[in-house]
Asker: 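The structure that follows is given in the form of structure tokens.
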Amino acid sequence: FGIGISAGGIFTVFQYAGSMAGVFLTGFILARYTKKALCLATFGFLAVLLLMMSKVSCLGIFLVLLFLLGMTSKALDMIVNTTISVQHEENKGAYMNMLHACFGAGSVLGPLLAASMLKIISDWHTIYGWFGVFSIALCLVFYFFYSDAKEKTEEGREKRGIDFTIIKTPGMPALMIALFCYCGHQCGINTWVPLFLQYRFGVDTFAGSVGTSVFWTSLVIG
């Protein structure tokens, strides 16, 4: 888009602003629809956004799509977390660890896959399109193999919204500050480490992406 390196942080800002919007939106709709319907809707919309991003040449429109992508991906993240938690309440810890290990593994492989594709496909737009096609395929697999049958219902759940009084819980403000700092740290690594490695040490795109993958590898181990 012809912008400076420092201005490249705007992409992360829009994506994570969308993620924040996705958190609040999901909090209001999560209890009102079946998890399968919500997963399909958000995953399908995510695939459409990726396909749209493969055709966009205007920075303003791309940033709007990036905001919506952040909102949709965070909504999907929350829905899947809640679904696993509800369906496996008796052994929730083990299943949540398994879920986040898979999430981390994808975060390790994602940068490497994208960097590898950039070596073959010079137009970065096209890579978004391929990820969109792959997401549609995954959405179809999910549609045929996922079931809400095991989901446990909770009386009166549909009447509840987000409970903001939890902020007053002892220790919660400190936890929120810690998470604020951690997420900023994570975003900084994801955004700037590949570029730092490329500009400071002259490595190629793939080697620069390894820096991000090493970070996520450690998270998987943790």
Side-chain angles (χ1 to χ4, degrees), residues 1-26 42 45-78 100 103-119 121-132 135 173 175-220 222:
F1 293 107
I3 63 176
I5 293 297
S6 297
I10 193 68
F11 299 114
T12 305
V13 170
F14 270 77
Q15 181 181 347
Y16 281 90
S19 296
M20 192 182 301
V23 169
F24 288 104
L25 176 65
T26 308
T42 51
F45 187 46
L46 185 145
V48 170
L49 286 171
L50 289 170
L51 292 173
M52 292 175 67
M53 291 170 83
S54 70
K55 301 295 182 182
V56 171
S57 57
C58 172
L59 176 60
I61 297 176
F62 184 79
L63 291 176
V64 171
L65 292 177
L66 202 57
F67 176 89
L68 294 174
L69 186 71
M71 183 174 68
T72 307
S73 59
K74 179 54 66 175
L76 183 62
D77 184 17
M78 290 184 65
H100 285 276
F103 174 81
S107 299
V108 169
L109 297 174
L112 300 180
L113 177 59
S116 298
M117 294 175 72
L118 280 171
K119 287 186 174 183
I121 306 170
S122 58
D123 181 21
W124 59 269
H125 289 88
T126 307
I127 296 176
Y128 276 103
W130 278 110
F131 276 113
S135 296
L175 178 61
M176 293 170 67
I177 292 172
L179 286 172
F180 176 87
C181 295
Y182 162 70
C183 289
H185 168 253
Q186 176 185 309
C187 294
I189 288 176
N190 290 341
T191 304
W192 299 117
V193 163
L195 285 173
F196 170 75
L197 293 174
Q198 290 179 61
Y199 279 79
R200 177 66 177 82
F201 299 104
V203 302
D204 61 10
T205 303
F206 183 85
S209 297
V210 171
T212 306
S213 296
V214 168
F215 171 76
W216 283 101
T217 299
S218 299
L219 282 185
V220 173

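Computation of the quantities below employed the complete heavy-atom set of this structure, encompassing side-chain atoms and omitting hydrogens, waters and symmetry-equivalent molecules.
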Asker: So which atom in I127 and which in A114 form the shortest heavy-atom distance, rounded to 0.1 Å?
Answerer: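 Looking at all heavy atoms of both residues, the shortest contact is CD1-O, 4.1 Å.
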
Asker: Is there a side-chain contact between Q15 and L69, using heavy atoms and a 4.5 Å cut-off?
Answerer: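 No, side chains not in contact.
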
Asker: If you define the side chain from C-beta out and look only at heavy atoms, does anything of L68 sit under 4.5 Å from M52?
Answerer: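 Answer no - side chains too far apart.
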
Asker: Locate the shortest heavy-atom distance separating F45 from T72; write the atom from each residue and the value.
Answerer: CD2-OG1, 3.2 Å

Asker: Do Y128 and V56 have side-chain heavy atoms sitting under 4.5 Å apart?
Answerer: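 No, their side chains stay 4.5 Å or more apart.
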
Asker: Looking at side-chain heavy atoms only, is the closest gap between F24 and M20 below 4.5 Å?
Answerer: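 Of all side-chain heavy-atom pairs linking M20 with F24, at least one is under 4.5 Å.
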
Asker: Would you call the rings of F1 and F62 parallel, tilted or perpendicular, taking 30° and 60° as the class edges?
Answerer: tilted

Asker: side-chain contact (heavy atoms from CB on, under 4.5 Å), that's the test. Do F11 and T191 meet it? Break it down for me.
Answerer: CA-CA 9 Å; F11 299 114; T191 304; over 6 Å; no

Asker: Looking at C187 and T12, what are the two nearest heavy atoms and their distance?
Answerer: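 That would be CB-CG2, 4.1 Å.
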
Asker: Do M53 and W124 come close enough that some side-chain heavy atom pair is under 4.5 Å?
Answerer: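 Side chain of M53 against side chain of W124, heavy atoms only: no contact under 4.5 Å found.
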
Asker: Quick one, L65 and F14 - any side-chain contact, counting heavy atoms below 4.5 Å?
Answerer: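 No - every pair of side-chain heavy atoms lies 4.5 Å or more apart.
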
Asker: With side-chain contact (heavy atoms from CB on, under 4.5 Å) as the criterion, how do L118 and F206 come out once you've worked through the C-alpha distance, each side chain's angles and the decisive distance to 0.1 Å?
Answerer: CA-CA 9 Å; L118 280 171; F206 183 85; over 6 Å; no

